[in-house]
Amino acid sequence: MSGREIEPLAFRVRPLPEECFESWLRRLAARHETTPKALFRHLGIDAALADRDLAVSPVPATSRVPATSRASAWLAAPAPAVAGVPDRRQVMVERLAWATMVPAKAISRTFVGCGRGDLLPLTLRSIGCAQCWLDWLVSGAPWRIERSWILRVTTFCDRHALLLTDLAGIRALGRTQAAERALAARVARTRAQMARFAFVKTRVLWNGMIAREQIRGARPGDRVGWERYRAALVGNRFHYAPVRHLLLAALHSSDGLKAGRWEQIFRFDAQPARLPRKAASGVGPQLSDLAEAIARVGLRQLDRERRRLTMVCEQLEQAKRNYPRAHLMQGLKARRAALARAVRDAAATESAAMSAQRRGFQEALFYLQASGMVGAAMSAGCAEPACSANGDLWRARLAACFAAPRFRILLDLPGHGRGW
Amino acid sequence: MSAAATAPSLAPSFWIDFEEARNAVETIVDVAHDDPEERPTCIVLTGQSGMGKTSILREAQRRLAEAFPEPADWGEARYQPVLRTVIPSSPTSLKINLALLWKQGWPIRTNTHKTADLKVVDLLAEQGTRLVAIDNVHVILTASGVARRDTLDAFRFLMSAGNVPLVVAGLDVARQIFADDVELAYRSIILKLPLWEPGEPAQRLIRALARGMGMEEPDHLAEPAFAERIWRTSGGVTGNFKRILHWSGKVARRHDRRFVTQDDITEALRLFTPYSPE
């Protein structure tokens, strides 16, 4: 289809207020179910541009770049267009404006005025305000990344004063209820983390001011420490750390010790004036420093884990050593319990037999007394020593009793007659 | 003064409001005004090459764009009340859908073919399209039987699922396209653009064309002597009328003449011989 006349795009996705170019381009491509690269190809724009960092204004900003940043000129905006030959990025802006029926000015407003060195790496341009995203999700507004959020210096959201965090994981969830829950949790967690810091108001204000100037592309003022502060934020590599927001918070808090500790780990290029330590002049942070710092953290974690495992191992060894005795003791205890149970059972059986026999005698005696066949003398006789000693005498007396017909009737013995 | 600089324009940017063409345009516009709930109609606009079918489609598109301006609260979808495209060569259902998608401003990717028909229908609704116009539809006849069937299926799906009327324009043979499809044939309105008759109709056309092309003394060219010759050479085809007038005007300018003469027409006809259906 490339030979055909290009049509304006099916959807006129407009850049939202303060949205950065890449965020808008991503939304535009997503609305057309394609990638920025494929979209560029469709519109006849140089597709290689889609792989570039397009957040910076295509208008040369050399006059706006501060002197300290000129050394890294390659990081700055692209070279100005050769006379008569329009800059590729300018062409891109005009083509996108035509295709989306959006004024080119509206697209130009999505760019930032500072150099690329002041921006977060491309992979980190998902850092933003969780509260803003939550609000947009609830209200149905599209998620976006604002211009100030892609700056290395920006620490807080202007609207909610919330620390900016990486929202890439939440974006992957899509606009779902799970994402809403995750955003709410993120907001709560970040607020809780923020409560641990005592922020210095002037530093926070300073931070916002620098961010605004960078977006405008204006040269930072000549205030003392301004450039050093900016360099401290921009020149460091802590932006890659998952706890970037905490590091930035520490830098803007009154807890100098904590801030100093962070700096020690990540070796700030320039430090806030109040801190005693200062990095050797001319020695910039290297990638190896970051690797070393991360390795140290990893080693500490490994060491903790090793200690825990050693302790568990010792406990297991001890258990192994004690096993035979513990086993023997357990056997003895079981046998003792079985014996005790047998004794208890035998005693209970014997006791039951005895009590039955005794009850039989008592019943017989009761019936004898009730029938008048034995009197108190009989009972008293039982108490006689001769009676208890002479069983024959006792049996003879009982036989006489049993022989009486009334007794036989009473006990329903044979021979008593059925008459009464 | 150079001849080229003052030569009458051949650009088809003016609309000649003749009854024949007006009827066709009004029918198309009326159909597009139909309630979307009604069963969509298919209009088959036929005529010889150069009779102005494309101009009619373009004019209908213009009028519909005026009749249905973009609502103030329209969303971010591009507003397109009429979707007009030319049928691609060796047409199939997929090719037609891709051509429509392209016109709708949808980027074509390698996997677009999987859902092209559904996406076209989605976009018709989202872009507020009330009429789909497909030009050069006689190309379908060059396709094999299977491909032709496939193309007709695409038309039917477009009308039914998209719920929009369809205008297909092509040569006279395009009427045969629906011969194999009774359902589409019953839903169709045939609009035929006849060749121009000699006499008053041809004179009327010459006058209007000469005026539209900014030629000197249009009435002079509509005189019977000129008109009869031009009509005969053109074969009654609008495009040929236009071409003869254009080239004759060029020759007259080349000879620094204000008015076109018979000699100019003769010389112009030597430069090109218009194809005549007869």
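It should be emphasised that the depicted structure is a prediction, and the values quoted were computed from it without experimental measurement. Proteins get letters first, then strands, A, B, ... in listed order; numbering begins at 1 in each.
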Hey, does B/R78 have a side-chain heavy atom less than 4.5 Å from the side chain of A/F11?
no
Honestly, the part of B/Q104 sitting under 4.5 Å from a heavy atom of chain A is backbone
Rounding to 0.5 Å, atoms CD (B/E76) and CZ (A/R27) come to a distance of 7.5 Å
Of all heavy-atom pairs linking A/H32 and B/G105, the shortest is CD2-O, 4.0 Å
Does any non-hydrogen side-chain atom of A/L9 lie less than 4.5 Å from one of B/P107? yes
So, the part of A/R31 with a heavy atom under 4.5 Å from chain B: the answer is both
So CH2 of B/W102 and CD1 of A/I6: to nearest 0.5 Å the spacing works out to 6.0 Å
When the 4.5 angstrom heavy-atom criterion is applied to A/T35 and chain B, the contacting part is both
State whether the number of non-hydrogen atoms from other residues, nucleotides or ligands found under 6.0 Å of A/Q177 atom CD is greater than 12.
-> no
Report yes if the side chains of A/E33 and B/T112 come closer than 4.5 Å at any heavy-atom pair, otherwise no.
no
Bottom line for A/L39: the part with an atom under 4.5 Å from chain B's heavy atoms is side chain
Would A/R12 and B/E126 count as a salt bridge (Lys or Arg N to Asp or Glu O under 4.0 Å) here? Give the steps.
CA-CA 12 Å; A/R12 301 171 289 191; B/E126 293 209 57; over 6 Å; no
Test item: B/Y79 and A/M101 side chains (from C-beta on) under 4.5 Å apart, heavy atoms: no
Review point. In terms of side-chain geometry, is the basic nitrogen of A/E7 or B/R84 positioned less than 4.0 Å from the acidic oxygen of its partner?
Key: no
